[in-house]
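The shown structure was predicted, so the numbers you read here are calculated from the model rather than taken from an experiment.
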Amino acid sequence: MKRGKLVIFCGPSGSGKGTVGKELINDPKFNFHFSVSATTREKRENEIEGKNYYFLTKPKFEKWIMENKFLEWAEYVDNYYGTPIDSVNKMLEKGKNVFLEIEILGVKQAIQKMTDAITIFLSPPSIKELEERLILRGTESKEEIEQRVKRAKEEIKFANNKEVFKYNVINNNVNDTVSKIKDIISKEI
């Protein structure tokens with residue numbers, strides 16, 4: 001059986017990763033398995049344990065770090081996020097393509113372990129548009145939005161770094177963005 005491919009998707013909070021990602025994962029031609037990350041942040045009202053995230057305590061997460069159970073991990077806005085490596089490898093060995101949505105430090109870690117990963121950065125059209133999306137989402141406080149916008153400005157600086165991201169796609173329109181990324185993945189897989 002042919003080993004699957006790892007597709008790594010990255011971009012600032014509010015760039016549309018979740019919306020675009022759903023469209024990609026739901027396309028049967030890509031045979032995607034969505035990699036569920038672990039986090040120490042509080043579970044949101046509509047989230048399901050094991051589907052959206054594995055919700056861990058900080059001590060348990062730190063234990064997993066020490067045991068090298070993550071393909072990548074990072075601290076973001078006072079919480080840990082990470083990808084359990086065993087589940088990724090199991091799916092790749094089964095011939096499934098694995099879709100991974102992570103942040104920049106995680107991408108850097110992951111591509112050291114899996115050098116053939118397909119890395120895509122999803123950029124917002126502008127910082128102003130990004131901030132408006134975060135406000136409309138209504139899931140973060142004003143302070144959290146300010147933190148995320150500040151972080152987004154730093155993250156966008158890496159969008160065209162070819163050592164980390166093979167592709168940078170600007171999300172002006174969801175349908176166009178999905179189409180562009182499907183073309184990229186089709187070429188790569």
Side-chain angles (χ1 to χ4, degrees), residues 1-39 50-54 56 61 64-76 79-124 151-152 154-171 174 176-189:
M1 179 178 295
K2 184 180 169 191
R3 184 174 163 90
K5 286 281 196 177
L6 176 62
V7 176
I8 301 177
F9 205 47
C10 183
S13 181
S15 62
K17 293 184 307 290
T19 304
V20 173
K22 275 184 204 157
E23 292 293 320
L24 299 171
I25 288 166
N26 290 331
D27 190 328
K29 79 176 178 185
F30 295 121
N31 191 27
F32 270 133
H33 170 76
F34 181 77
S35 176
V36 178
S37 296
T39 185
K51 182 177 181 205
N52 301 101
Y53 284 99
Y54 298 110
L56 306 178
F61 197 104
W64 283 25
I65 291 169
M66 298 303 292
E67 295 172 350
N68 291 315
K69 289 188 174 187
F70 291 110
L71 170 64
E72 58 78 33
W73 67 272
E75 192 170 1
Y76 179 74
N79 286 297
Y80 288 124
Y81 294 82
T83 305
I85 195 166
D86 286 349
S87 61
V88 171
N89 278 325
K90 282 178 189 168
M91 288 299 123
L92 292 173
E93 290 303 322
K94 288 181 180 178
K96 285 209 161 263
N97 296 310
V98 175
F99 186 86
L100 185 58
E101 182 186 311
I102 55 178
E103 60 88 52
I104 291 168
L105 294 175
V107 176
K108 289 179 180 181
Q109 290 174 43
I111 61 176
Q112 288 178 353
K113 295 176 184 172
M114 295 193 181
T115 56
D116 64 340
I118 302 160
T119 53
I120 303 168
F121 190 91
L122 187 64
S123 293
R151 180 71 181 249
E154 292 300 313
E155 291 174 333
I156 290 168
K157 292 176 185 176
F158 288 90
N160 293 309
N161 182 332
K162 293 297 180 193
E163 291 178 15
V164 181
F165 296 104
K166 192 165 184 181
Y167 301 96
N168 176 23
V169 178
I170 298 171
N171 186 11
V174 173
D176 292 344
T177 300
V178 168
S179 180
K180 284 178 196 172
I181 294 174
K182 282 184 177 185
D183 289 345
I184 289 167
I185 294 169
S186 293
K187 268 192 330 191
E188 290 282 346
I189 293 176

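When each of Ile185, Val107, Asn168 is paired with Ile120, the side-chain contact (heavy atoms from CB on, under 4.5 Å) condition holds for Ile185 and for no other.
In this structure, Leu56 CG and Asn79 CG are separated by 11.5 Å, a value rounded to the nearest 0.5 Å. One distance of note links OG of Ser37 with CD of Glu101; it measures 7.5 Å at 0.5 Å rounding. Rounding to the nearest 0.5 Å places CD1 of Ile85 at 5.0 Å from NZ of Lys113. Going from atom CD1 of Ile189 over to atom CD1 of Ile118 covers 5.0 Å, rounded to the nearest 0.5 Å. Taking CG of Leu71 as the reference point, atom CG of Leu100 lies at 6.5 Å (rounded to 0.5 Å). To the nearest 0.5 Å, the span separating CD on Glu188 from CD1 on Ile181 amounts to 12.5 Å.
Within a 6.0 Å sphere centred on CD of Glu163, heavy atoms belonging to other residues, nucleotides or ligands number 12 at most. A 6.0 Å sphere centred on NZ of Lys51 holds no more than 12 heavy atoms belonging to other residues, nucleotides or ligands. Counting heavy atoms of neighbouring residues, nucleotides and ligands inside a 6.0 Å radius, atom NZ of Lys96 exceeds 12 of them.
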Which donor-acceptor pairs under 3.5 Å do the side chains of residues 19-30 make with protein atoms, sequence neighbours left out?
| from | atom 1 | to | atom 2 | distance (Å) |
| --- | --- | --- | --- | --- |
| Asn26 | ND2 | Lys22 | O | 3.0 |
| Asp27 | OD1 | Lys29 | N | 3.1 |
| Asp27 | OD2 | Lys182 | NZ | 3.0 |

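Between Arg151 and Glu75, the shortest heavy-atom contact is NH1-O, 4.1 Å. The shortest heavy-atom contact between Phe9 and Lys17 is CE2-O, 3.5 Å. Smallest separation of non-hydrogen atoms from Pro84 and Trp64: CG-CZ3, 4.2 Å. Nearest approach of Pro12 to Ile156, heavy atoms of both residues: CG-CG1, 3.9 Å. When all heavy atoms of Lys69 and Glu67 are compared, the pair lying nearest together is CE-OE1, 3.0 Å. Heavy atoms only, all atoms of each residue included: Pro124 and Ile170 are closest at O-CG2, 4.0 Å.
Checking side-chain atoms of Asn97 against main-chain N and O of Lys5 turns up a donor-acceptor pair under 3.5 Å. Looking at Glu72, its side chain does come within 3.5 Å of a backbone N or O of Thr83 through a donor-acceptor pair. Lys2 places no side-chain N or O within 3.5 Å of a backbone atom of Gly95 that could act as its donor or acceptor partner.
Between Leu92 and Met114 there is a side-chain heavy-atom pair separated by less than 4.5 Å. Within the 4.5 Å cutoff, the side chain of Cys10 has no heavy atoms near those of the Thr119 side chain. Proximity of Ile8 to Phe165: side-chain heavy atoms (C-beta onward) are nowhere separated by under 4.5 Å. No side-chain heavy atom of Ile102 sits less than 4.5 Å from a side-chain heavy atom of Tyr81. Looking only at side-chain heavy atoms (C-beta outward), Asn89 and Arg3 come within less than 4.5 Å of each other.
Each salt bridge (Lys or Arg N to Asp or Glu O under 4.0 Å) pair with one or both residues in residues 79-90, not counting sequence neighbours, would appear here, but there are none.
Residues that satisfy the side-chain hydrogen bond (donor to acceptor under 3.5 Å, both in side chains) test with Asp176, not counting sequence neighbours, are absent from this structure.
Ring geometry, Phe70 versus Phe61: the interplanar angle falls under 30°, so the pair is classed parallel (tilted spans 30 to 60°).
Inspection of the Asn171 and Thr177 side chains reveals an N or O donor paired with an N or O acceptor under 3.5 Å.
Ring centroid separation for the pair Phe158 and Phe121 does not come in under the 6.0 Å cut-off.
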